[in-house]
Participant: 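I'd like to ask some things about the structure below.
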Amino acid sequence: MADSEFKIRVKRGHLSKLRFWFDPMSQEILDGDADLIYPDELSCDKLYARDFVFPFIERFFPGEFKFRNELNLMPFENVRELVAEMRACIDLLDSGDFDNPRLNPVRDAFTLDSLVPGDEYDDKYFDLSSIEKHKIMLEHLDVVSTFYTTICDYLDEMIEKYEPQGFEYIAISTPS
């Protein structure tokens, strides 16, 4: 199978069509005295963020996360905890320990149709048995691991770059 068949979209910088964003946030930005720092934003495909990342956000977010154009502020300390837990899951995926209970919050998102674009899935995989789909999905868990690693690395970089400048939060937002 071609590697390009198995991708989860994530991009550094602002990409409006991905529709789930992580931004470094300062009080000046919140007060309207500075603009969002779009070049340092992390944009993720909303579907994947909701399925693969939201269980981590939900666990470490202080309060109720709101969708629909809300700016959800996660303190850097909570982001560090989220990243640590996500990295632990990366280690489990990379070691092949897919049945580890630590993956329970995100395991249901791990399906072949979540890793393959819809038209590709319909053309090549739709008629496969659930056992065949699961086997192919297990062979491509590195796609999820790479997605998680990209998010973790970039969140760590945001904190390292912006905390010394007085930033305290990562804003997590989605338009709907």
Participant: Can you find a heavy atom in the side chain of Y169 that is under 4.5 Å from one in the side chain of M74?
Facilitator: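 Sidechains of M74 and Y169: no contact.
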Participant: Would a line drawn from the ring center of F65 to the ring center of F54 be shorter than 6.0 Å?
Facilitator: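 Ring centroids of F65 and F54 are less than 6.0 Å from each other.
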Participant: So, for S114 and A109, which heavy atoms are closest and what is the spacing to 0.1 Å?
Facilitator: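 Nearest pair, atom of S114 first, then A109: OG-O, 2.9 Å.
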Participant: Output every pair passing salt bridge (Lys or Arg N to Asp or Glu O under 4.0 Å) with a member in residues 95-113, not counting sequence neighbours, ordered by first then second residue.
Facilitator: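 Non-adjacent pairs meeting salt bridge (Lys or Arg N to Asp or Glu O under 4.0 Å): E85-R102.
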Participant: State the CG-CD1 distance between L155 and I151, to the nearest 0.5 angstrom.
Facilitator: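 One gets 7.0 Å once the value is rounded to the nearest 0.5 Å.
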Participant: Roughly how far, to the nearest 0.5 Å, is CZ of R12 from OG1 of T150?
Facilitator: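 One finds 7.0 Å between OG1 of T150 and CZ of R12.
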Participant: Rounded to the nearest 0.5 Å, what separation is found between the NZ atom of K135 and the CG atom of L112?
Facilitator: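 K135 atom NZ to L112 atom CG measures 12.5 Å (nearest 0.5 Å).
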Participant: Would a hydrophobic clustering, with Ile, Leu, Val, Met, Phe, Trp and Tyr connected at side-chain separations under 4.5 Å, put I8 with L15?
Facilitator: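 Unlinked, I8 and L15 end up in two clusters.
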Participant: Answer yes or no: are there more than 12 heavy-atom neighbours, outside E160 itself, under 6.0 Å from its atom CD?
Facilitator: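 Not buried by this count: 12 neighbours or fewer within 6.0 Å.
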Participant: Grab the two heavy atoms, one from L128 and one from K133, that are nearest each other, plus how far apart they are.
Facilitator: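 Smallest interatomic distance, heavy atoms only, reads O-CE, 3.3 Å.
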Participant: Under the salt bridge (Lys or Arg N to Asp or Glu O under 4.0 Å) definition, can you give me all pairs with a residue in residues 25-41, not counting sequence neighbours?
Facilitator: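 Applying salt bridge (Lys or Arg N to Asp or Glu O under 4.0 Å) to every pair that reaches into residues 25-41, excluding sequence neighbours, yields D40-K161.
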Participant: How close do I29 and M25 get, counting heavy atoms only, and between which atoms?
Facilitator: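 Closest approach of I29 to M25: CG2-SD, 3.3 Å.
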Participant: So do I37 and Y162 actually touch side chain to side chain, heavy atoms under 4.5 Å?
Facilitator: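 SC-SC contact between Y162 and I37 confirmed.
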Participant: Is there a continuous path of hydrophobic side-chain contacts, each under 4.5 Å between heavy atoms, that joins Y48 to I57?
Facilitator: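 Yes, same cluster.
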Participant: Between the main-chain N or O of L141 and the side-chain N or O of S145, is there a donor-acceptor pair closer than 3.5 Å?
Facilitator: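 No; zero donor-acceptor contacts below 3.5 Å.
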Participant: List the residues meeting ring-ring contact (aromatic ring centres under 6.0 Å, His included) with F56, not counting sequence neighbours, and say none if there are none.
Facilitator: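 With neighbours one apart ignored, the set is Y148.
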Participant: Which atom names give the shortest non-hydrogen contact between F22 and M158, and what distance separates them?
Facilitator: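 Nearest heavy atoms, F22 then M158: O-CE, 3.3 Å.
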Participant: Quick check: do V116 and K124 have side-chain heavy atoms less than 4.5 Å from each other?
Facilitator: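 Not in contact.
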Participant: So, using ring-ring contact (aromatic ring centres under 6.0 Å, His included) as the criterion, who are the partners of F110 when residues are at least two apart?
Facilitator: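 With neighbours one apart ignored, the set is F52, F98.
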Participant: Do the side chains of L71 and W21 join up, straight or via other hydrophobic residues, at under 4.5 Å, putting them in one cluster?
Facilitator: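 Hydrophobic grouping puts L71 apart from W21.
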Participant: CD/E139 to CD1/I136 distance, rounded to the nearest 0.5 angstrom?
Facilitator: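 So the gap between those two atoms works out to 6.5 Å.
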Participant: Less than 4.5 Å apart, side chain to side chain, heavy atoms only: is that true for I90 and C152?
Facilitator: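 With C-beta onward as the side chain, the pair touches.
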Participant: Counting C-beta onward and ignoring hydrogens, is there a side-chain heavy-atom pair between L18 and K46 closer than 4.5 Å?
Facilitator: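 Result no, sub-4.5 Å side-chain heavy-atom pair not found.
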Participant: Has D45 got a side-chain atom pairing as donor or acceptor with R9's backbone, closer than 3.5 angstrom?
Facilitator: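 No; zero donor-acceptor contacts below 3.5 Å.
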Participant: Taking all heavy atoms of G13 and all of S43, pick out the closest pair and write down the distance.
Facilitator: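 Smallest heavy-atom distance, with atoms named: O-OG, 2.6 Å.
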Participant: Please list all pairs meeting side-chain hydrogen bond (donor to acceptor under 3.5 Å, both in side chains) that have one or both residues in residues 74-84, counting only residues at least two apart or in different chains.
Facilitator: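 The answer is R80-E163.
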Participant: Can you tell me how far CG of L36 sits from CG of L30, rounded to the nearest 0.5 angstrom?
Facilitator: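 So the CG of L30 and the CG of L36 are separated by 9.0 Å.
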Participant: Test R87 against D153 for salt bridge (Lys or Arg N to Asp or Glu O under 4.0 Å), laying out the working first.
Facilitator: CA-CA 10 Å; R87 287 196 189 280; D153 289 350; 2.8 Å; yes
Participant: Does L115 reach the side chain of Y121, with side-chain heavy atoms less than 4.5 Å apart?
Facilitator: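 Not touching, per the 4.5 Å side-chain cut-off.
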Participant: What residues form a ring-ring contact (aromatic ring centres under 6.0 Å, His included) with F126, not counting sequence neighbours?
Facilitator: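 Residues passing ring-ring contact (aromatic ring centres under 6.0 Å, His included) with F126: none at all.
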Participant: Rounded to the nearest 0.5 Å, how far apart are CE of M86 and CZ of R59?
Facilitator: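 Interatomic distance, M86 CE to R59 CZ, rounded to 0.5 Å: 11.5 Å.
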Participant: Hey, does L73 have a side-chain heavy atom less than 4.5 Å from the side chain of I170?
Facilitator: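 They are not in side-chain contact.
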Participant: Just so I know, are the side chains of T146 and V10 near enough to count as touching, which here means a heavy-atom distance under 4.5 Å?
Facilitator: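 Of all side-chain heavy-atom pairs linking V10 with T146, none is under 4.5 Å.
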Participant: For M137 versus T111, what's the shortest heavy-atom pair and its separation?
Facilitator: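 Distance-wise, the nearest heavy atoms are CG-C, 3.7 Å.
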